[in-house]
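The figures that follow rest on heavy atoms only: side chains count, while hydrogens, waters and symmetry mates do not. When a ligand or atom number is given, it counts from 1 through the structure's own listing order. Numbers here simply count residues along the sequence, with the first being 1.
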Amino acid sequence: MAKKKLRSSEWFGSLDRDGFLKRSWMRNQGTPDEAFDGRPIIGICNTASELSPCNSHLGEFADKVKRGVLEAGGYPFEFPVMSVGESVVKPTAMLFRNLISMDVEESIRANPLDGVVLLVGCDKTTPALVMGAASCDIPTIVVSGGPMLNGRFKGGTLGSGTDVWRFAEEVKAGEISVEEFLSAESGMHRSNGSCMTMGTASSMACMMEALGIALPGNGTIPAVDARRKVLAQHSGRRIVEMVHQDIKLSDILTRGAFENAIRTIAAIGGSTNAVIHLQAIAKRLGVPLSLDDWDTIGRDIPTIVNLMPAGKYLMEDFHYAGGLQVVNQVLLAHHKLTGYLPTVNGKTVSENCQNVVNYDEDVIRPWDAGLTANGGIAVLKGNLAPNGCVIKPSAASPELMNHKGRAVVFETIEDYHEKIENPDLDIDENCIMVLKNCGPRGYPGMPEVGNMGLPPKILKTGITDMVRISDARMSGTAYGTVVLHVAPEAAIGGPLALVENGDEIEINLDERRIELLISDDELDARRSKWIAPPPVMETGYQRLYHNHVEQADQGCDWDILASKRGVAVTRDSH
Ligand code: FES
């Protein structure tokens with residue numbers, strides 16, 4: 001069989017002026033002759049940044065990937081792309097996911113790359129880089145930065161995010177002092193890596209492994225465990241082989257792979273943010289995937305991984321118990337995964353989890369002893385969310401999953417902050433808190449504010465959960481009976497915009513319904529009087545974002561970014 005011409009040969013393969021230009025300038029960094037002898041050129045797309053604390057250590061993995069690439073006979077070039085740290089960036093990191101994906105896509109398109117290794121970590125960096133690479137569809141492997149070591153404080157463990165939400169509520173309830181709260185800061189995050197709860201970063205790292213686009217172990221090996229360096233080196237070796245075998249992202253990311261990922265997210269109690277990101281990745285590849293698929297495919301999967309926020313343990317414990325391959329083994333045993341699908345190491349999903357052992361059955365529970373019998377993400381629909389909204393049953397209170405209550409409405413997140421601590425706020429524990437204008441366009445960028453803290457006067461009575469509904473997202477580390485991603489969002493006139501204080505709302509998880517209990521005539525009357533809030537567009541980029549972002553049920557990608565796939569080299573200015 002004739003060897004496929006490498007894409008990089010369009011840059012380095014000619015012996016004329018153009019080849020001279022492209023090779024000669026690359027030599028200024030000490031690039032040897034053999035880099036231009038027709039071997040695969042591998043890009044290492046690095047999101048390392050001191051401003052993204054969860055990704056700040058990725059440089060050491062880039063070095064290991066390079067070593068692996070060279071060992072396998074390729075040549076590596078590392079390049080940076082924009083990075084966002086979830087805990088640092090304002091107004092919300094999600095505002096920049098699509099921008100980073102453009103950066104990645106155009107960097108790959110514009111450069112002599114035959115394959116790419118994506119170095120990711122914090123929440124948005126994973127989907128952003130995969131979306132960009134998916135639009136190019138060249139051989140691709142993901143290497144995640146790995147979770148931090150377990151937080152430690154006063155003899156116990158601390159989970160990033162999850163315990164911050166808990167402590168903050170305890171301060172409001174008067175149970176702990178501000179000084180005690182602040183003293184936990186340095187114990188919570190004490191090593192390199194991403195959040196060590198089953199938040200969005202860990203969910204995405206596991207999802208990469210479940211999809212088959214990262215090597216086994218990627219989901220769980222701690223950031224500072226030497227085995228993650230080995231994983232990076234092996235990824236470098238393997239990407240060169242993938243180029244020779246012409247295994248593109250779309251060869252791995254089939255509909256079956258997405259179905260496997262949905263089931264894995266259910267089993268691990270993964271973040272609701274995974275819904276939005278997986279929708280967006282599928283769309284880039286033209287793989288049909290709907291919001292309803294999350295409910296139907298993931299519905300009968302128990303959450304068997306006992307990790308915060310749904311459970312008790314942290315990512316280190318998950319890895320030492322056997323990691324994601326044990327979960328996949330359990331899913332396969334119950335015929336809930338498609339085992340013959342390929343993965344980037346050349347083995348199938350089934351082959352990757354043979355001979356694995358569950359070393360701790362309290363961390364990775366047996367099938368019939370899960371945290372919830374029906375894990376996954378529930379999708380509710382009704383007159384309040386015609387295009388759907390989501391709730392994570394494993395993080396919700398069972399007694400609130402079928403609930404009717406009086407709406408207490410906050411028009412914006414600022415309105416919420418202004419009113420929530422007012423002792424005169426007309427609210428009790430049976431009310432439903434409603435937050436508007438925090439969707440993809442409304443904020444803009446759909447911040448993680450859907451898990452609004454409860455009013456202090458209710459917390460002081462010992463109540464820790466109420467039903468909350470919004471068009472926002474919530475942190476994967478958060479918990480509660482929180483209905484999110486209402487679509488269409490309030491800012492574009494979705495029915496959420498029409499809810500008024502005192503309305504009755506019903507959520508019914510059993511029937512997957514969410515209803516605003518007013519008549520159609522009343523709803524129409526309110527709609528005719530509704531005035532759109534002025535869009536928040538403070539910068540040119542925000543204007544672009546506002547004009548092109550799609551709704552949550554579609555993955556919040558831009559309508560203009562899923563239009564072209566592939567990396568044919570068409571024009572050259574030289
Ligand atoms: Fe970066 Fe949680 S803030 S992973």
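Side chains of Val327 and Phe318 form a contact here, defined as non-hydrogen atoms less than 4.5 Å apart.
At distances below 3.5 Å, not a single donor-acceptor pair connects side-chain atoms of His546 with backbone N or O atoms of Met537.
A search for salt bridge (Lys or Arg N to Asp or Glu O under 4.0 Å) contacts involving Glu180 returns nothing, not counting sequence neighbours. Scanning for salt bridge (Lys or Arg N to Asp or Glu O under 4.0 Å) contacts around Glu170 gives Arg166, with sequence neighbours left out.
By the neighbour-count criterion of 12 heavy atoms within 6.0 Å, atom CZ of Phe181 is densely surrounded, having more than that number from other residues, nucleotides or ligands.
For a distance threshold of 2.8 Å, the protein N, O or S atoms nearer than that to atom 2 (Fe) of ligand 1, listed by chain and number, are Cys195 SG.
Listed by first and then second residue, the salt bridge (charged side-chain N to carboxylate O under 4.0 Å, His left out) pairs that reach into residues 470-481 are Glu448-Arg473, sequence neighbours excluded.
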